[in-house]
There are 2 protein chains.
Amino acid sequence: MDKKVTIYDIAAKLNISTATVNRAINGKPRVSAETRRLVLDTAREMGFKANKAAVSLARKTIKIGFLMAESELDYGHEVLRGARYACERLADFNVQGDFQVVRQSDCPQGMIRIMQDMGQAGYGGIIMLPQYEMPGCERVIAELSQKQVPVVTAVSDLPHSKRLFSVRNNTRVSGKMAAEFLAMLAPGKPAAMFTAYKNTNSLVHQESIDGFLQEARLKTLPIVDIYENQDNPQTAYRATEKLLREHPDLGGLYIGTANSGTVCRKISELGYGGKIKVVASDIFPELNEYLRQGVIHATIFQEPSNIGALAFRYLYEYLAEGRKPESVYTLNPQLVLSSNLELFVR
Amino acid sequence: MDKKVTIYDIAAKLNISTATVNRAINGKPRVSAETRRLVLDTAREMGFKANKAAVSLARKTIKIGFLMAESELDYGHEVLRGARYACERLADFNVQGDFQVVRQSDCPQGMIRIMQDMGQAGYGGIIMLPQYEMPGCERVIAELSQKQVPVVTAVSDLPHSKRLFSVRNNTRVSGKMAAEFLAMLAPGKPAAMFTAYKNTNSLVHQESIDGFLQEARLKTLPIVDIYENQDNPQTAYRATEKLLREHPDLGGLYIGTANSGTVCRKISELGYGGKIKVVASDIFPELNEYLRQGVIHATIFQEPSNIGALAFRYLYEYLAEGRKPESVYTLNPQLVLSSNLELFVR
DNA sequence: CTGAAAGCGCTTACAG
DNA sequence: CTGAAAGCGCTTACAG
């Protein structure tokens, strides 16, 4: 077991102070280029790795901001909860989270202002959940990243901005799984999909549609239509009615939105329960009952709190440990049947 | 944001030294009962929580032993890899892992001796992968836990021993998922299962059988037989032949063992590929091909390296932070189709 | 039973 | 550009 190398060892070997070693290693100013090279080289030679516990103890607190718009959906709050949880777990490592839920009516201006303030106030980095329309956001992100205050997007993404990285669901794979599953249960029968928004710039929705269609083609599953329900129960309800009226011979349905419950209720009411194979999304109160009755055959789930937790944790690791991030982190969807549902409900 | 409370704050308030506060809080000897109560009470009042970074920096190294028998299966080595990985991630927190792979011929005596040595040598705790037959093991575990050297079981369990906790797969749910999936794909048709060992005291195997049968009953899936293949490709090969000979009308098969590849090969050879719905286990090289061809319809997977990683991490948290462990930690199985396989192969 | 002090491995003003 | 020293929040011999 090779004893761990400390900055003291490097300092001693080079006959310089630990302060200089520290500056050199962490890319801080006030070191001659020559000394820096020397330190860096011997550090590598000796296999030096800074001790994280010591670092976090000695440095000043890292502040991380978290910003989301208020929403009636549970989803965002789950993400927030995950971020808070990650923050608590890191509390002993000198990080502080500042979690802000901005009123819808204040978006995007209010959110942008808070981001700017955080940039002034010495925050280490910022996590934000972008909305569909966020004019002006790209610019603030660029300004902040110029100032070395990285911004991270979660849930949705602003791929053309200067955000450091994004954490979101792998909705493409969700779509593919849904199509493959329906092709197994109702091979060759016409199938349809519900999505929140068609033809928008919303990456995650577009990707789930793409994945669904792609896999359907591969499995020769005929897709009759893709319906939009705008994340709105009312619309979902009516869209379901329309779907079943237009396609009474429907074999499979993928509900790729937050409104699985509403859609299933309508399916049941119209007497289609069990006749159509249904893949839902997320986990919601009535799910167990629908699975038991055979109205739903599977649901595709990803823990939203993980998005928040990972965004927080990865940003921390970038800030505190200089970990080079991926551009996009995607979370894996899981196929949940009635027999493993118990593993996902607390 | 309430400032964090340190032992220094407690010491100052009570006009005693931090050394005494430390002893009181960590249940160390040499403190009067009275002082201890006082310290404990004010610590609670003030909301004191020891800073983990500082603790790990100051205390002496915790040594954790890891013991497994050599095996030709990849499985154990994946578990080992996971434990090593967890150890590396904790390296900055003053933990040291000692990973030992014992020759089969030396089991269980050799393993027991090493455990005893570790107990003498001041190890903080030990992780072991029990074999089916481990006479004498229970006794050593009892001795060690008496000496405050907790032993943890992974993969398999010794539920009647004094092990601190166990980390293993949730094979009951795996069995249930397999049955439910087969009931969906081939409703009412006769189904069978392969297991490694029937009628042994091996908990994980028995639980997967129980889960499979239980769910099959629920979904009225007729189970014609359960075949044993002893984790041996030869046996698996012959058992497959026997199965198909005895039940040419078979609708579904759950391969709940490490030999999915062998079984599928035989199924293909005998021309049953695609005619029987198959749920396999684990992820192995030919899997993708079998999924594509429709020989396998799904596989049930759990990252074996997670078992090692979690065993290490939870034991560390018990040792370093006094975290009270559960008795059993089970890992969730995932249903993998061809469309999400890419997420599981590196 | 209790305390003073050194030490864990870093970072950070401060002084030069 | 460089260094001496204090400090982060604990633990641990050592002395009393």
Side-chain angles (χ1 to χ4, degrees), chain A residues 2-40 43 46-62 90-96 122 124 319-322, chain B residues 2-40 43 46-62 90-96 122 124 319-322:
Chain A
D2 30 359
K3 208 74 211 83
K4 18 191 161 171
V5 182
T6 72
I7 55 167
Y8 183 83
D9 299 325
I10 300 176
K13 181 156 194 176
L14 263 35
N15 244 312
I16 57 178
S17 75
T18 56
T20 302
V21 173
N22 179 279
R23 288 186 204 106
I25 285 177
N26 294 304
K28 306 233 167 115
R30 343 211 113 253
V31 195
S32 73
E34 189 184 9
T35 314
R36 169 161 286 144
R37 270 193 34 71
L38 198 59
V39 170
L40 253 24
M46 301 176 74
F48 170 78
K49 296 208 68 183
N51 180 299
K52 291 176 196 173
V55 170
S56 76
L57 203 55
R59 71 159 144 65
K60 38 176 99 150
T61 305
I62 293 177
L90 289 168
D92 285 346
F93 302 99
N94 223 342
V95 212
Q96 217 172 73
L319 261 18
E321 299 160 15
Chain B
D2 31 358
K3 207 74 210 86
K4 17 191 160 170
V5 182
T6 71
I7 55 166
Y8 182 83
D9 299 325
I10 301 175
K13 181 158 196 174
L14 296 174
N15 245 313
I16 58 177
S17 74
T18 57
T20 301
V21 173
N22 179 280
R23 288 187 204 103
I25 285 177
N26 295 303
K28 305 232 167 115
R30 344 207 113 254
V31 194
S32 73
E34 188 184 11
T35 314
R36 168 160 287 142
R37 272 193 31 71
L38 198 58
V39 171
L40 253 25
M46 301 176 74
F48 170 77
K49 295 208 68 181
N51 180 299
K52 291 175 195 172
V55 171
S56 76
L57 203 56
R59 71 158 143 64
K60 36 174 101 149
T61 305
I62 292 179
L90 290 170
D92 284 346
F93 302 99
N94 225 341
V95 212
Q96 217 171 74
L319 261 18
E321 300 159 14

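Chain letters run A, B, ... following the sequence lines, proteins first and then strands; every chain starts at 1. Computed over heavy atoms, backbone and side chain alike; hydrogens, waters and symmetry mates excluded.
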Separation of [N] [atom2] from [X] [atom1] (nearest whole Å):
X	N	atom1	atom2	value
A/Phe93	C/dC10	CZ	C1'	14 Å
B/Leu57	D/dT12	CG	P	12 Å
B/Arg59	D/dT12	CZ	P	9 Å
A/Asn51	D/dC8	CG	C1'	13 Å
B/Glu321	D/dC10	CD	C1'	14 Å
A/Asn94	C/dC10	CG	P	16 Å

Taking any heavy-atom pair under 4.0 Å as a contact, classify [X]: base, sugar-phosphate, or nothing.
X	answer
B/Lys28	sugar-phosphate
A/Phe48	sugar-phosphate
A/Lys52	nothing
A/Asn26	sugar-phosphate

Would you check if the side chain of [X] reaches a backbone N or O of [Y] as a donor-acceptor pair within less than 3.5 Å?
X	Y	result
B/Asp92	A/Ala53	no
B/Asn51	B/Thr6	no
B/Arg37	B/Ser32	no

Measuring from [X]:[atom1] to [Y]:[atom2], what's the distance to the nearest 0.5 Å?
X	Y	atom1	atom2	value
A/Lys28	A/Arg36	NZ	CZ	10.5 Å
B/Lys13	B/Leu38	NZ	CG	10.5 Å
B/Arg23	B/Thr18	CZ	OG1	9.0 Å
A/Ile7	A/Ile16	CD1	CD1	10.0 Å
B/Arg59	B/Leu319	CZ	CG	8.5 Å
A/Lys49	A/Glu321	NZ	CD	9.0 Å

Q. Does C/dA13 have OP1 or OP2 sitting under 4.0 Å from an N or O in the side chain of A/Lys60?
A.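 True: A/Lys60 side-chain N/O within range (under 4.0 Å) of C/dA13 OP1/OP2.
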Give me the distances for all protein-to-nucleotides 1-3 of chain D N/O pairs that come in under 3.5 Å?
from: D/dC1; atom 1: N4; to: A/Arg30; atom 2: NH1; distance (Å): 2.5
from: D/dT2; atom 1: OP1; to: A/Thr35; atom 2: OG1; distance (Å): 2.9
from: D/dT2; atom 1: OP2; to: A/Ser32; atom 2: N; distance (Å): 3.1
from: D/dT2; atom 1: OP2; to: A/Thr35; atom 2: OG1; distance (Å): 3.2
from: D/dG3; atom 1: OP2; to: A/Ser17; atom 2: N; distance (Å): 3.1
from: D/dG3; atom 1: OP2; to: A/Ser17; atom 2: OG; distance (Å): 3.3
from: D/dG3; atom 1: OP2; to: A/Thr20; atom 2: OG1; distance (Å): 2.9
from: D/dG3; atom 1: N7; to: A/Arg23; atom 2: NH2; distance (Å): 3.3
from: D/dG3; atom 1: O6; to: A/Arg23; atom 2: NH2; distance (Å): 2.3

Q.
Counting runs of three or more consecutive pairs, Watson-Crick or G-U wobble, with each distance below 3.5 Å, where are the stems of DNA chain D?
A. C:1-3 with D:14-16, C:5-12 with D:5-12, C:14-16 with D:1-3
